[in-house]
Trainee: 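Mind looking over this structure? Questions follow.
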Amino acid sequence: MIRVQSEPFDAGTETNLFLSRNANSGGVATFIGQVRDFQDQDSGSSKTISALELEHYPGMTEKELERIAAEAHTRWPLNDILVIHRYGRMDLGEAIVLVCAAATHRGDAFSACEFVMDWLKTQAPFWKREHSNTDSSWVDAKKSDDTRAERWNKND
Amino acid sequence: MIRVQSEPFDAGTETNLFLSRNANSGGVATFIGQVRDFQDQDSGSSKTISALELEHYPGMTEKELERIAAEAHTRWPLNDILVIHRYGRMDLGEAIVLVCAAATHRGDAFSACEFVMDWLKTQAPFWKREHSNTDSSWVDAKKSDDTRAERWNKND
Amino acid sequence: MSLNVLYFAWVKEKVGTGEEQVSPSDDVQTVADVIEWLKTQSPGHADAFADASQIRVALDQLHVPFDTFIGNAKEIAFFPPVTGGDW
Amino acid sequence: MSLNVLYFAWVKEKVGTGEEQVSPSDDVQTVADVIEWLKTQSPGHADAFADASQIRVALDQLHVPFDTFIGNAKEIAFFPPVTGGDW
């Protein structure tokens, strides 16, 4: 199931719902990406990031996420996949994305979950803008995301 | 943090607590193993499994899990690891194990979470007994678990 | 040819609008042709497409390379490489 | 030598107890020696250790191979290969 929404969601509640929908799967791997508290880590920077905003391409986003989830289903024996992704403005500590993959064998669940995250990061049409105390600016794409996504091609 | 307990735990609530403890980590990978509803899948079998029981080695279990978590911390830059593992009798659909790994980069979180699960499955002293409508019996270890655990040695 | 053109993120800001309907001449056949044609429409367009290596394209909501023919597509979107959370 | 011996899972069931205190003679020096000595203690012990390839050992709560010397260890545990959930 794919959900793209601006409203906050509760990662724990969604995980529990996914678990009970998949009582016939032994293993569930999940990934949660949250707006991290930058101040703790980028202590060298004078910029204080207070929020971030994700613009997206309504319609295409859903299609891309459906396509990525379908691709995961063709690659691994999975019972279910859930992707919840937010857009719009988000505050520190809020969940941005939740991916859950349910499978009989944990290796399949882990691989599918990581695959969905890697493809999502390079192919789902989201663009991040950081709001700080001084300005707001678009964030550049990361080469490391391309590298991670490409790993999944090599194995074909 | 390591917790070994006979009481049921709520995977979603524990995940949320872990997320809020790790607001400075962008990414959290988790794995939940639950007592799956066997009837849906092993339809060829006449045996109906109703519950399972995990015996463990009090004291050593905690030490092994601490050792595995510490090993994960030496291998990947992680902010936090949580392992909750139950022992005793568990009903269908109940969570047996939860592993959470928090990191700045998702690849580290995924690897650490999968590593902890793989080592846990071969090294943490748990023994599973299945209760069915006809009998109860100890479950044999799986060769596939050894193979998965050994992968982490090869990369050293 | 009649195309609905969408712009996102800083491409939208440079062009000055998020959406416009365009009708280039018939010799505009590929994505690359559309980009060259759009660059002539305003200084904002020219600025947005000045470094085409920074532009990604979706045709009818599918990622495509620049040499793709427009064909019967109804919608084309231009945007920077996608970005998400920090992890 | 005085050792606290623990048994788990079907090893415990075959031996008939989960814990016992033993004091083998001084020529019992390694884990393998302890196993051979235990096999002489009762038919249940002999049955539990009949196929030693199915037995795993922890010495003072650390996994060890059969050729490990007991040394000053206080606790030895015998059990089948560990097992967990289905996933």
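Convention: sequence-line order gives letters A, B, ...; per-chain numbering from 1. Computed from heavy atoms alone, side chains included, the values below leave out hydrogens, waters and symmetry copies.
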Trainee: Taking non-hydrogen atoms and a cut-off under 4.5 angstrom, which of residues 94-102 of chain A neighbour chain C?
Mentor: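 From residues 94-102 of chain A, the residues near chain C are A/I96, A/V97.
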Trainee: Run the ring-ring contact (aromatic ring centres under 6.0 Å, His included) test against A/H85 and tell me which residues pass, sequence neighbours left out.
Mentor: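 Applying ring-ring contact (aromatic ring centres under 6.0 Å, His included) to A/H85 gives A/F126.
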Trainee: Counting only non-hydrogen atoms closer than 4.5 Å, does C/Q54 touch chain A with its backbone (N, CA, C, O), its side chain (CB onward), both, or neither?
Mentor: neither
Trainee: So, the side chain of A/W127 versus the backbone of C/F8: is there a donor-acceptor pair under 3.5 Å, distance only?
Mentor: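 No.
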Trainee: What parts of residues 20-48 of chain C touch chain A if we use heavy atoms and a cut-off under 4.5 Å?
Mentor: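 Hits under 4.5 Å: none found.
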Trainee: Side chain from CB out, backbone as N, CA, C, O: work out which of these in A/M90 comes under 4.5 Å of a heavy atom of chain C, or both, or neither.
Mentor: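 Answer is neither: A/M90 stays 4.5 Å or more from chain C.
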Trainee: Can you tell if the side chain of C/W87 reaches within under 4.5 Å of the side chain of A/M117, non-hydrogen atoms only?
Mentor: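 Heavy-atom side-chain distance check passes, below 4.5 Å.
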Trainee: Is A/H73 atom NE2 crowded by more than 12 heavy atoms from other residues, nucleotides or ligands, each under 6.0 Å away?
Mentor: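 Yes, enclosed.
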Trainee: Just verifying a value: how many Å separate A/D145 CG and C/T83 OG1, rounded to the nearest 0.5 Å?
Mentor: 9.5 Å
Trainee: Which atoms of A/K63 are under 4.5 Å from chain C, going by heavy atoms: the side chain, the backbone, both sets, or neither?
Mentor: side chain
Trainee: Answer with side chain, backbone, both or neither: which region of A/D140 has an atom nearer than 4.5 Å to a non-hydrogen atom of chain C?
Mentor: backbone
Trainee: What residue, out of A/M60, A/Q123, A/R67, A/K142, has the most heavy-atom pairs lying under 4.5 Å from chain C?
Mentor: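 Ranked by contacts with chain C, first place is A/M60.
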Trainee: Give me the contact list for residues 59-74 of chain C versus chain A, heavy atoms only, anything under 4.5 Å, ordered by residue number.
Mentor: C/D60, C/Q61, C/L62, C/H63
Trainee: Below 30° counts as parallel, above 60° as perpendicular, anything between as tilted: where do the rings of C/F79 and A/Y57 land?
Mentor: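 Answer is perpendicular, since the angle exceeds 60°.
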Trainee: So do the side chains of C/V82 and A/K121 get within less than 4.5 Å of each other, counting heavy atoms only?
Mentor: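 No, too far: nothing below the 4.5 Å cut-off.
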Trainee: Pick one of side chain, backbone, both or neither for A/E64, based on which atoms fall under 4.5 Å of a heavy atom in chain C.
Mentor: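 The answer is the side chain of A/E64.
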